[in-house]
Amino acid sequence: MNVDAGVAVPLLGWLSSGLAAVALTPRNRTARALLAAGVLLVGSWLCEGAAAGTDGASASGAFLRVLTDVLFLGGLASVVAVLSTYPDGRFDRAWTRVATQVLAVLAVLGPAAQLVGSSELVVGGEPSTAAPNPFAIDALTPLGAAGGAVVASEPAWLVLGVGMLGARFVRSSPADRRELLRPLAGAGLLAVLLVVVVTSWVTDTAVAVSVPLFLLALGLFPVVLLVGISAQSRRLAGDLAASRGRLAAAEDEVRRSIERDLHDGVQQQLMALLSLTDLAARQLRRDPVRAELTLADVRSQARDTVEDLREVVSGIRPPVLADSGVVAALESRLARLPETVQVDADAARGMRWPPGIEATAYFVACEGVSNALKHASGARVRVTLEGDPDQLVVEVRDDGPGLGTTANGTGLAGLRDRVESWGGTFEVRTDAPRGTLVRARLPVGALR
């Protein structure tokens with residue numbers, strides 16, 4: 001990284017784009033990472049300039065050299081966080097979160113190891129700026145070598161970030177891929193221009209055009225990210241408004257359904273029980289034997305009414321769900337179905353999550369199974385529950401012909417709204433003849 005005034009242009013592009021992104025979507029992790037990258041990279045550039053103007057062998061010079069590397073590596077770690085969460089601010093895989101956290105730690109530990117173990121320190125990775133390190137400890141030379149390896153691995157960090165973005169592209173739906181294509185194309189253009197610049201330096205040819213073009217592309221890349229974050233924010237705002245309308249309509253429909261069930265079922269049964277008890281009271285004075293038979297009918301109908309009431313309550317939220325958790329509730333519910341549904345919940349057995357998360361997972365599984373039995377009659381259906389304290393994942397998979405045009409029906413749309421209202425992700429994949437997969441990922445962290 002050369003100390004050159006031209007570098008300020010792309011760095012200010014990163015900083016201004018990060019500020020704009022945070023202003024537009026302050027809760028978006030990608031926007032915050034973009035701002036952090038801009039701040040750290042600008043700070044590294046300023047420290048590099050300050051280090052170049054000091055006595056290299058002084059304590060202050062050594063400290064500024066190490067701080068330059070810390071800030072620059074921290075900026076790269078933030079760039080990786082941007083690429084791995086773009087554009088919605090969410091890590092779609094646990095390993096991407098761990099990888100970015102490891103890079104953030106290495107950004108501090110690598111230069112710190114150099115400070116205590118390397119006999120010489122450089123500014124920005126330039127060997128010509130090497131200066132004696134007054135803090136070096138001979139016994140810690142291996143540690144310094146390890147720190148130097150971490151600092152020298154800077155290009156691999158960017159490759160990892162682009163790889164995460166590419167993996168996210170492969171796993172995404174066609175609609176999401178359109179949003180991810182812009183930064184991927186931008187990263188490819190930067191890579192081509194970087195190869196041109198390096199080739200120009202190695203072959204000692206003119207770099208008058210290639211370097212400015214690379215710096216211009218480097219400064220425009222965060223603008224591309226900003227455009228994607230902004231578009232995502234507008235789309236989510238529209239989806240949220242539509243989702244709220246659908247949730248309100250669904251809630252009203254559920255209320256009306258419960259009213260019908262209570263009026264046409266339980267209420268009528270209770271009225272019949274009242275009539276039977278009045279009849280038993282009259283018979284008790286004239287014919288105790290017939291009164292006893294009538295009371296037996298009362299007991300039988302009362303048991304039936306209790307069962308019907310339990311069914312109504314189960315449609316709202318099964319009591320076993322609150323008492324024993326989502327695994328027990330699902331096993332109890334699916335065991336009553338006329339067809340066998342395999343439940344694989346060992347990875348979640350004995351664990352509990354917030355009530356809203358468990359209820360959402362329960363209804364996703366029930367609706368997914370219902371759709372599978374309706375559209376894939378005779379197919380094998382498997383429900384899988386996995387989770388940890390930070391999230392709960394539920395999958396319903398069948399090997400039938402697929403949902404076809406019903407993959408985006410109102411039932412699944414309602415489930416998507418319900419899952420996303422908890423900050424989760426919902427997907428339906430259907431490709432004949434491999435069947436259908438319904439998956440909901442519910443993060444607990446969104447409630448904290």
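This chain uses plain numbering: 1 for the first residue, then up along the sequence.
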Residues, nucleotides or ligands: over 12 heavy atoms within 6.0 Å of R177 CZ: yes
Verdict with supporting geometry, T85 and T30, side chain to side chain donor-acceptor pair (under 3.5 Å): CA-CA 6 Å; T85 61; T30 306; 2.8 Å; yes
Charged N-O contact under 4.0 Å between R299 and E292: yes
CZ-CG distance between F363 and L415, expressed to the nearest 0.5 angstrom: 10.0 Å
Interatomic spacing from CG in L295 to OG1 in T277 - rounded to 0.5 Å: 9.0 Å
Nearest heavy atoms of W157 and L103, plus distance in Å: CH2-O, 3.5 Å
Side chain to side chain contact (heavy atoms under 4.5 Å, CB included) between V438 and N371, worked out: CA-CA 10 Å; V438 177; N371 279 329; over 6 Å; no
Side-chain (S153) to main-chain (V150) donor-acceptor, under 3.5 angstrom: yes
Atom CZ of F63: over 12 foreign heavy atoms under 6.0 Å: no
Student check: side-chain heavy atoms of V82 and L225 closer than 4.5 Å: yes
Under 3.5 Å: donor-acceptor pair, side chain of T360, backbone of G356: yes
Taking every non-hydrogen atom, the tightest pair across V162 and L83: N-CD1, 3.7 Å
Check ion pair R282-D287 (N to O, under 4.0 angstrom): no
Any side-chain heavy-atom pair of V393 and L442 under 4.5 Å: no
Charged N-O contact under 4.0 Å between D398 and R382: no
Donor-acceptor contact present, side-chain D69 to main-chain L64, <3.5 Å: no
Step-by-step side chain to side chain contact (heavy atoms under 4.5 Å, CB included) determination, L73 to V151: CA-CA 7 Å; L73 289 175; V151 175; 4.1 Å; yes
Distance-only polar pair, side chains of S44 and T68, donor-acceptor under 3.5 Å: no
Candidate pair E179 and R168, rule salt bridge (charged side-chain N to carboxylate O under 4.0 Å, His left out), full reasoning: CA-CA 11 Å; E179 293 184 354; R168 193 180 183 98; over 6 Å; no
L11 CG to L41 CG distance, which is reported to the nearest 0.5 Å: 6.0 Å
Spatial distance of atom CG (L109) from atom CD (Q114) [nearest 0.5 Å]: 12.5 Å
Nearest atoms (heavy-atom pairs only) where V364 meets A440: CG1-CB, 4.0 Å
Rounded distance [0.5 Å steps], CZ in R397 versus CZ in R439: 6.5 Å
D388 backbone acceptor or donor facing W353 side chain under 3.5 Å: yes
L330 and C366, any side-chain heavy atoms less than 4.5 Å apart: yes
Heavy-atom pair of closest approach, residues A113 and L143: CB-O, 3.4 Å
Verdict with reasoning, R97 to D390, per salt bridge (charged side-chain N to carboxylate O under 4.0 Å, His left out): CA-CA 13 Å; R97 180 195 300 271; D390 294 326; over 6 Å; no
Inter-residue atom distance R29.CZ - L34.CG, 0.5 Å rounding: 14.5 Å
Heavy-atom pair of closest approach, residues V343 and L334: CG2-CD1, 3.5 Å
Residue pair L67 / L71, side-chain heavy-atom distance below 4.5 Å: yes
Test item: Q342 and R380 side chains (from C-beta on) under 4.5 Å apart, heavy atoms: no
Test item: L160 and S84 side chains (from C-beta on) under 4.5 Å apart, heavy atoms: no
Residue pair V394, T384: steps toward the side chain to side chain contact (heavy atoms under 4.5 Å, CB included) verdict: CA-CA 6 Å; V394 57; T384 303; over 6 Å; no
Chi angles and distances behind the side chain to side chain contact (heavy atoms under 4.5 Å, CB included) call for V326, L385: CA-CA 9 Å; V326 63; L385 283 174; 4.3 Å; yes
Flag side-chain contact, heavy atom, 4.5 Å: R93 against M164: no
Sub-4.5 Å side-chain heavy-atom contact between L24 and L226: yes
Presence of salt bridge, R349 and E331, under 4.0 angstrom: yes
Nearest atoms (heavy-atom pairs only) where R418 meets A359: NH2-CB, 4.0 Å
Flag if over 12 foreign heavy atoms under 6.0 Å of CZ, R182: yes
